[in-house]
Amino acid sequence: MMRARVLANIPVDKEFDYAVPPSLEEKVKPGVRVAVPFGNREITAFVIDVFPDDVLKDEIKNERELKDIKRAIDKEPVFSPREVELAKWMAAFYFCSPGEALSVMVPGGRRDVGVPAFAVEDELTDGSVELTGEQEAAIASISSASHAMYYLYGVTGSGKSEVFFRAARHVVDSGRQVIYLVPEITLTHQLSRMVACRFPGRVAVLHSALTASQRIDQWKRILRGEVDMIIGARSAVFAPCPRLGMIIIDEEHENSYKAGSTPRYHARQVAQKRCADAGATLVMGSATPSLEAWKLMHEDSGMLKLELPQRVGGGRPPVMEVVDMLRENRMISRRLEEEMRLVLGRGKQVILFLNRRGYSYFFHCATCGYEMSCPHCSVSLTYHKNEAMMVCHYCGYTRSPVTVCPDCGSLDVGYSGFGTEMVEQEVARMFPSASLARLDTDSTRDRDAMALVLEDFRHGKIDILLGTQMVAKGLNFPGVELVGVVLADSGLNVPDFRSREHTFSLLVQVSGRAGRYNDKGRVVVQTYKPGNEAVTAACAGDVDGFYDRELDARRETGFPPYGRMVNLVVRGRNKDKAETEAARLAEICESTVSALVRRNPGRKDLPEVFGTSSCPVEKIAGNWRFHVLLRGMSPALLHQMIGAVVRQYKAPSGIYMEIDIDPLHLL
DNA sequence: TCCTCAACGTTC
DNA sequence: AACGTTGAGGAC
């Protein structure tokens, strides 16, 4: 009789054995998923090993009878032993179970007959563009593989993609595979089309519109070695290439590379691990690197910084100016309005950026002090005028808006704090003859609508494009001569050590949208904090300076990338219980630290309990949240400490602990 | 004495 | 995680 050893998506670090019925012996092999009875239900499990029962003859004596595998889900493997090894590494690094890790690595979904996943259009492929000296040098350096990691540091338009393509081509020609990660990828993404043309036939584009079965089909192709080039978002870092030669991470600073739920892995960390194991090269790039990357490329760490200082088509960076909004009593300052009139008068286009959806996000009663917040989350509701709804941006709760205070009936109530919807109304009033479109997750629910807006803007049918993050990233339109940042402060008020970094990077990214193809680009940045370092450095174009100073500040204060952090979040329906559990957890942490101190007398880099309190957003979707924040200068000791804490702390029912290693924000 | 609910333990 | 079993305490 054959037995199969499996992992399952449960938070238990255990492997389970099943009997393989003779009828399934052909189908059940390592790497396939199977349906198995588990307790009194049926779950999907991952087969990691198949062997004859007699191998374990001695142990089996008094073992209870094994259950039978019900059926095989895959006809051929969807992962290999390499992936199992990686899952075990992830389990150790992120404190999840190997089964949980494996199940985020392998795309889910049942098999079915799918439509072709991606039609490669026969489009122009411009592989013969002239390269700048810096580009040539960068390609040569990467191809020499003198370093394990490379960082392409260069402004928007400096030709990073071309370097990525050529470096990838070199790897592919030598018979190995390349994974190309991008922050997000839609069907309309021009990059995916470009890659598909450059590597015809042997590309897997894992875009967001794929069905689960299409995704798993691509996965099998990759595993069979039929693909040279894989392009996709975060989870594509797990693509099971048999001979991995390179991983490229485009826009390395993007937060979407970090997973938002357990296991909270970071694609950059996983990529580093995979490249080290496979002897592959890791190539990252951005105009605004994360501070983690900045630190790595400026110390002797095996990562080489490659600068692309000039724009490929020539042209100067946009002129940036700051408007102090304390002197203005309006949403669009006189200065910005004036610039908009000039640009529109020339028949050119404007992008307006505001990182806040909705009409207004604060309802307040002046009589009794009532504030309208979500009943399930501790955040205020945002008024969406078009839908005539009050909406919670955390959990999606909606209710109808009011004109009198629901608490005391007073008429002395007001809405304050503006979002894109209100700006849209104001801009439409100021520029009645201009055509205006709003681009955010509310205005463009489906991707078709979004693609349509972008096409119209590209063809000049829209004069002013107003939107959130979506307009800040990666879009390039030759007709744009002005970018207005309606309010640069929105990110600066959050109490997070990364807020300056985020604001800075966002400002530099949006400014890249202005005047990419001409010398007339202008950026007007409106802010209530004109003296803030992130604002002044971004407007002065002082990128290196900002990073060096910010890195110094992090070193002084012991924040990442110098100190490492771990966030332990305790959540539950019952507020008191969650709070006492968090306190209990904090005590366990404290005593673990004390034990470490005793065992390592004199060490200066021991972990510390950095803080314990309710999370900045105390309640989300009915769950009360408390956290214990840990920090340590030694990653190894911090890791050791978490391990000890996890062994000691067992959450009671109704209480859940989430472990966030290297959190991006402390919510 | 019955019933509900939360605490705990197991899952091949 | 998701489902059993068990046991304490409340209402009748």
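Here is the naming used below: chain letters follow the sequence lines, and residue numbers restart at 1 for every chain. Values below: all heavy atoms of this structure, side chains included; hydrogens, waters and symmetry mates excluded.
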Does the pair A:E252/A:R268 count as a salt bridge with the N-to-O cut at 4.0 Å?
yes
What's the CG-P distance between A:N9 and B:dC12, to the nearest Å?
16 Å
Please determine if a side-chain N or O atom of A:N40 lies less than 4.0 Å away from the OP1 or OP2 oxygen of C:dC3.
no
Minimum-distance nucleotide to A:I10 side chain [options: C:dA1, B:dA7, C:dC3]
C:dA1
Interatomic distance, A:K70 NZ vs B:dT11 C1' [rounded to whole Å]
14 Å
In terms of side-chain heavy atoms of A:K577, which of B:dC12, B:dA7, C:dA1 is nearest?
B:dA7
Centres of the A:H384 and A:H393 rings: under 6.0 Å?
yes
Nearest to the side chain of A:D17, which nucleotide is it out of B:dA7, C:dA2, B:dC12?
B:dC12
Distance in angstrom units between A:I655 CD1 and B:dA6 P, rounded:
12 Å
Rounded to whole Å, how long is the line connecting atom OH of A:Y656 with atom P of B:dA6?
12 Å
Have a look at A:P11 and say if it touches a base, only the backbone sugar-phosphate, or nothing, with a 4.0 Å heavy-atom cut-off.
base
Pick out which of A:E100, A:E15, A:E83 makes a salt bridge (charged side-chain N to carboxylate O under 4.0 Å, His left out) with A:K88.
A:E15
Rounded to the nearest Å, what distance is computed from the CD atom of residue A:E42 to the P atom of nucleotide C:dG4?
15 Å
Could you tell me whether A:V12 contacts a base, only the sugar-phosphate backbone, or nothing, with contacts defined as non-hydrogen atoms closer than 4.0 Å?
base
Listed nucleotide nearest any side-chain atom of A:L66, set B:dA7, C:dA1, B:dC12
B:dC12
In whole angstrom, what separates A:I69's CD1 from B:dC12's C1'?
11 Å
A:D662 and A:Q269 side chains, donor-acceptor separation under 3.5 Å:
yes
State which of B:dC12, C:dG4, C:dA2 makes the closest approach to the side chain of A:K14.
B:dC12
Could you tell me the separation between the CZ atom of A:R41 and the P atom of B:dT11, rounded to a whole number of Å?
12 Å
Can you tell me how the ring of A:Y397 sits relative to the ring of A:H376, calling it parallel under 30°, perpendicular over 60° and tilted otherwise?
perpendicular
Reckon A:F38 touches a base, only the sugar-phosphate, or nothing at all at heavy-atom distances under 4.0 Å?
base
A:K650 NZ - B:dC8 C1' separation (whole Å):
13 Å
